[in-house]
Amino acid sequence: MDDDPRAGGAAAVRLARGEDVEGVLDGGDPRAWLALDAGVRRATWWRAGAGRAEWERVAPLPGDPAGLDASRYALALCHRDGRVREAAVRGVADRPALLPLLVVRAADWVAPVRQAARQVLRELVHGDAVGGDGLGAVVGLAPVILLVGRRERGHFGVALLDEALRDPSRPWPPSLPAHADPAVRRHAHRVAVETGRLSPAELARTAARDADTVVRSLCAEAALAAVPEGRPCEEVVGPLLGARSPQARSAGVTALRRTGEPERAVAFLADRSALVRACARYVVRQTGGDPPAWYRERCARAGDPLLPPGAVIGLAECGERADAGPLWALLGHPSAAVRARAVAGLRLLDVADAGRLHPLLDDPAPAVVRETALAVEPSVHLLSEEWLGERLDAGRPRHVRVGALRLSFRRGGSARARALRVAREDADPVVRARAAREAAR
């Protein structure tokens, strides 16, 4: 963990005993280097098993660490005496495995150490060390640079990283946008957007595929801004519309108005995401369309087995209480997703009736029972304690029992007492845990 002196102290003991750096530290975890730095500076770290003599052999003052092995050299880079740290940073470029500690020393609290480390780091980035691949070296150090950059004196490394990434004479590292560290990916994409390193099509593909929400949003906005006015741009809009991420799809739908293709937004009125549906309604309305009428026409087909669930909840999102009729008719639809959205729509329109909805608390689909429990909760007093208690029986399906538990605690009285017994005694650990959570609420 960042600055965890206990973990770092344990690592220091192992290094002092001669264990390899690679075996002691996870080189890919930037926090491990900061923990080692904090741990070595503890006055009592050697009492944990290394011994004072071993510590003094690491770098006897005034200190010339050039002849130390990698393990002891790492300790010298973190030595409590600034003269030892300063001597160590001047030769660290010949030890690539320890370069993360050079970044730490570039934010050192002692000015001579800090200046020496920054000079070596600058030479490294400009290609005078590590085989001349300065950009590759700084990209490899990016996780540590960004973590140390949060410190008071950590700005130098971040500025050096940005300088290298923004240099148009340097090729953009192909591995950088797909870096395993989320902080590095976010930083790299911010720089890429600001400098135009990635084309609009590349930004759109990243927005559609990246696992990180921040990266997706950043690239989607940048790709959207690059879409030409009044002209189709399939290389940008296509990946966005086909993305799994709702943020990316919503950006693609919004772009359809700009590209002069608003008719394509109709297909997204029934999207599974509320965000995408809202964007689609906006685009359709801007061109004179009538989303509520579109939803009403779809939901009137109560027997349509292919009715998209998004159309059902979409009607409630933009409709009126008078639109509840088609939703009531859909409570018997063969699709569980449609039934669940119909119940959610009735709740959204504020027309949920516990007297009519309570049979769905026995529905075979867990999603329908969850939505029904939410819908009838405000009027749970209309359900009898005996009826709710029957649904807590061990022979009932788990999802039915969980829904009944929620309502029993809201109902109070004997229903609540029975639910408390379930929380204490039920044989199903899942039901017991859910009952305990409901009781705590």
Side-chain angles (χ1 to χ4, degrees), residues 1-42 44-61 63-108 113 116-118 120-121 123-125 129-131 133-134 136-148 151 154 157 179-181 184:
M1 222 177 162
D2 186 3
D3 281 341
D4 182 350
R6 290 174 298 179
V13 170
R14 295 175 62 187
L15 291 175
R17 290 171 176 169
E19 293 189 41
D20 292 338
V21 174
E22 293 80 3
V24 174
L25 298 174
D26 178 3
D29 182 1
R31 297 170 300 176
W33 299 101
L34 271 65
L36 176 66
D37 183 49
V40 171
R41 292 199 308 275
R42 294 179 71 195
T44 58
W45 74 271
W46 43 269
R47 293 198 185 108
R52 181 185 294 274
E54 286 185 290
W55 167 245
E56 290 176 347
R57 286 199 300 272
V58 168
L61 299 181
D64 179 11
L68 298 175
D69 57 33
S71 300
R72 294 181 182 275
Y73 203 103
L75 296 175
L77 283 165
C78 305
H79 199 287
R80 297 180 70 201
D81 190 291
R83 291 171 292 175
V84 176
R85 296 199 304 278
E86 182 181 358
V89 299
R90 298 186 186 281
V92 73
D94 297 327
R95 301 171 183 268
L98 301 181
L99 288 176
L101 289 174
L102 177 64
V103 177
V104 178
R105 295 281 68 83
D108 200 278
V113 178
R118 290 180 177 183
V120 175
L121 192 58
E123 294 172 356
L124 171 72
V125 173
V130 194
D133 184 15
V138 76
V139 168
L141 295 173
V144 182
I145 288 174
L146 294 176
L147 185 59
V148 174
R151 294 183 166 186
H179 200 284
D181 190 308
V184 175

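Every heavy atom of this structure was used, including side-chain atoms; hydrogens, water molecules and symmetry mates were not. In what follows, residues are counted from 1 in the order of the sequence shown.
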Can you find a pair of side-chain heavy atoms, one from Val13 and one from Glu19, that are under 4.5 Å apart? no

Is there a side-chain contact between Asp20 and Leu15 in this structure, where contact means two heavy atoms from C-beta onward sitting under 4.5 Å apart? no

Check whether any side-chain heavy atom of Leu101 sits under 4.5 Å from a side-chain heavy atom of Val92, and report yes or no. no

For residues Ala97 and Trp33, report the shortest heavy-atom separation together with the two atoms involved. O-CH2, 3.4 Å

Taking side chain as C-beta onward, heavy atoms only, is Val40 less than 4.5 Å from His79? no

Rounded to the nearest 0.5 Å, how far does CG of Asp69 lie from CZ of Arg95? 7.5 Å

Side chains of Leu99 and Leu102: does their closest heavy-atom pair fall under 4.5 Å? yes

So, for Leu25 and Ala11, which heavy atoms are closest and what is the spacing to 0.1 Å? CD2-CB, 4.1 Å

If we ignore hydrogens and angles and just use 3.5 Å, is the side chain of Arg105 paired with the main-chain N or O of Val89 as donor and acceptor? no

Measuring from Ser71:OG to Arg14:CZ, what's the distance to the nearest 0.5 Å? 10.0 Å

Using every non-hydrogen atom in the two residues, find where Ala88 and Leu77 come nearest and quote the distance to one decimal. CB-CD2, 3.5 Å

Taking the side chain as C-beta and beyond, is there a heavy-atom pair between His179 and Pro143 under 4.5 Å? yes

Specify the closest pair of heavy atoms between Gly82 and Val113, including all atoms of both residues, with the distance to one decimal. O-CG2, 3.3 Å

Can you tell whether the side chains of Arg31 and Asp26 come within less than 4.0 Å, N to carboxylate O? no

Looking only at heavy atoms, the pair that brings Ala70 and Leu98 closest together is O-CD1, 3.7 Å

Backbone N or O of Ala106 within a donor-acceptor pair of the Arg118 side chain at under 3.5 Å? yes

